[in-house]
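Notes for the one structure printed next.
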Amino acid sequence: MMEGTAGVSGRRHADEALLDNPDALAEHDPGGMLRFTASAGAQVRESAALAAEANLSLLADEGRPRAVVIAGIGTAGRTGDVLATVAGPRCPVPVIPHRSAGVPGWVGAADVVIAVSASGRSPEALGAAEAAHRRGARLVAVGAPDSQLQSVAERARAPFIPVPRRAPARASLWALTVPVLLAARTLGLVKVNEADLAETAARLDADADRCRPTAESFVNPAKSLALGLAGSIPIVWGSSPLATVAARRFGDTLSANARYPVVTGALGEAGRGRVGLLDGVFGGLVEGERDIFADPEETDPDATRLRLVLLRDGGLNADDDSDEPLAVEERRADAVQALAERRGVRCDVITAEGGSALERLASLMAVPDFASVYLALAHGLDPMAVPAITEMKELSNQ
């Protein structure tokens, strides 16, 4: 074993049969990542209740801010992307995700900083909260109760929303996101009502049921997606700004849970360059060598191929004042599907459903979240324990 690979285990090729064996799934998931992933709907409800108990009305006393900065790293940082896309292009002030320590140099008394950390101790969130307090900016903090972040918020006499640490940060996106959205609602930046939250939670519950471990692969969309991705290089593109947030989230979970390299981004941007991947050595070139009459299950297991996952907004934002016409997004999505088909690159499509931006986002995230866990389990990887993350922290903190 090479130095630094202690705790690294698993298999090169996915074991498809394992995914339809609930006992084996439980054995390979000792930390309960599937269970935590299934708690997304409950996270929405609990965090909404905790935010309601926090004194967010303090935020509104000074009126609308000049800008809102959401400070955090990793999953906490994704909450800023969610807020920006739910607020949309009609948001009256800039919404700026910030992923490094401190705050931008222009932040001052006219601004609001929302510091987010699942553990309540990330240097990025703590540094931002302290800098906001020093500069006189309004502060909201979201994180684990009785943490360093809560202490900073109390010193600043700022609202703190305690989010109990029940799961790893990457399985706590909804627990961290809902307080951010409700703080922004208090500031008059987003229109997220109780019905939106209830319908989003119900959507997440329904998808968790569809993706449950006892549902077999041929009826379980997450297991089917995981098996389709097995052994590939995934490319995940979103057709709209909202779908792009979901695409980047899928990239996060594929990397951390399943340890897969992945290309993510906006389809509009991909069309200016990255779509060329479909022509390359993992795309059209390798697919062109495949015997079209061969059984797809008997293709060379060592030939690495692209697998495209396209997240589509589904034409449900037609009434929004979006950055570009819906028809453009839809034509572009149709075009990339046609390109993939011409080159023999397999493509999975997930289309958003739901009446609000938040529910549509949930519908694009839920199945991919489960798929990343199932893909890890199929390779014999524990999705909870990631040795490289632990070693990275140890090496960085020496």
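Computation of the quantities below employed the complete heavy-atom set of this structure, encompassing side-chain atoms and omitting hydrogens, waters and symmetry-equivalent molecules. This is a predicted model, so every value here is computed, not measured.
- Within 6.0 Å of CZ in Arg342 there are 12 or fewer heavy atoms belonging to other residues, nucleotides or ligands.
- By the side-chain hydrogen bond (donor to acceptor under 3.5 Å, both in side chains) test, Asp334 pairs with Arg312, sequence neighbours left out.
- Between Pro368 and Ile350 the shortest side-chain heavy-atom distance falls below 4.5 Å.
- A chain of hydrophobic side-chain contacts below 4.5 Å, direct or via other Ile, Leu, Val, Met, Phe, Trp or Tyr residues, connects Val142 to Leu197.
- Between Asn257 and Arg170 there is a side-chain heavy-atom pair separated by less than 4.5 Å.
- Other members of the hydrophobic cluster containing Val386, listed by chain and number, are Ile389; membership follows side-chain contacts under 4.5 Å among ILVMFWY residues, whether direct or relayed.
- Checked against salt bridge (Lys or Arg N to Asp or Glu O under 4.0 Å), Arg78 has the following partners two or more places apart in sequence or in another chain: Asp81, Asp252.
- Pairs of residues two or more places apart, or lying in two chains, that qualify as ring pair (Phe, Tyr, Trp, His ring centres under 6.0 Å) and include a residue from residues 369-394 are Tyr260-His379.
- Separating the CD1 atom in Ile70 from the CD1 atom in Ile96 is a distance of 8.0 Å, to the nearest 0.5 Å.
- A salt bridge does not link Glu216 to Lys223: none of the charged nitrogens lies less than 4.0 Å from a carboxylate oxygen.
- Side-chain N/O atoms of Arg210 and Asn220 include no donor and acceptor closer than 3.5 Å.
- Glu154 and Gln150 form a side-chain donor-acceptor contact under 3.5 Å, judged by distance and modelled atom types alone.
- Not a single salt bridge (Lys or Arg N to Asp or Glu O under 4.0 Å) links Arg134 to another residue, sequence neighbours left out.
- Within the model, atoms OG of Ser239 and CG of Leu310 stand 6.5 Å from one another, a figure rounded to the nearest 0.5 Å.
- Checked against salt bridge (Lys or Arg N to Asp or Glu O under 4.0 Å), Asp382 has no partners two or more places apart in sequence or in another chain.
- Among residue pairs with one or both ends in residues 264-282, those qualifying as side-chain hydrogen bond (donor to acceptor under 3.5 Å, both in side chains) are Asp279-Arg343; sequence neighbours excluded.
- Here Asp196 does not pair with Arg360 in a salt bridge; the nearest charged N to carboxylate O distance is not below 4.0 Å.
- For residues 104-163, there are no ring pair (Phe, Tyr, Trp, His ring centres under 6.0 Å) pairs, not counting sequence neighbours.
- Looking only at distances, no side-chain donor or acceptor of Ser396 sits under 3.5 Å from a matching main-chain atom of Lys393.
- For the side-chain hydrogen bond (donor to acceptor under 3.5 Å, both in side chains) test, residues two or more places apart in sequence or in another chain that qualify with Arg249 are Asp369.
- The side-chain hydrogen bond (donor to acceptor under 3.5 Å, both in side chains) search around Arg66 returns Asp111, not counting sequence neighbours.
- Interatomic distance, CG of Leu364 versus OG1 of Thr351, reported as 8.0 Å (0.5 Å rounding).
- Residues Ile114 and Val69 are not in side-chain contact: their nearest non-hydrogen atoms beyond the backbone lie 4.5 Å or more apart.
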Show every donor-acceptor pair shorter than 3.5 Å between a side-chain atom in residues 179-189 and any protein atom, with sequence neighbours excluded, or say none if there are none.
unit_1, atom_1, unit_2, atom_2, d
Arg185, NH1, Val192, O, 2.7
Arg185, NH1, Glu194, OE1, 3.4
Arg185, NH1, Glu194, OE2, 3.2
Arg185, NH2, Glu194, OE2, 3.4
Thr186, OG1, Leu182, O, 3.0

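- The shortest distance between side-chain heavy atoms of Met365 and Trp174 falls below 4.5 Å.
- Pairs engaging residues 26-40 under the side-chain hydrogen bond (donor to acceptor under 3.5 Å, both in side chains) rule: Ser39-Gln43 [sequence neighbours left out].
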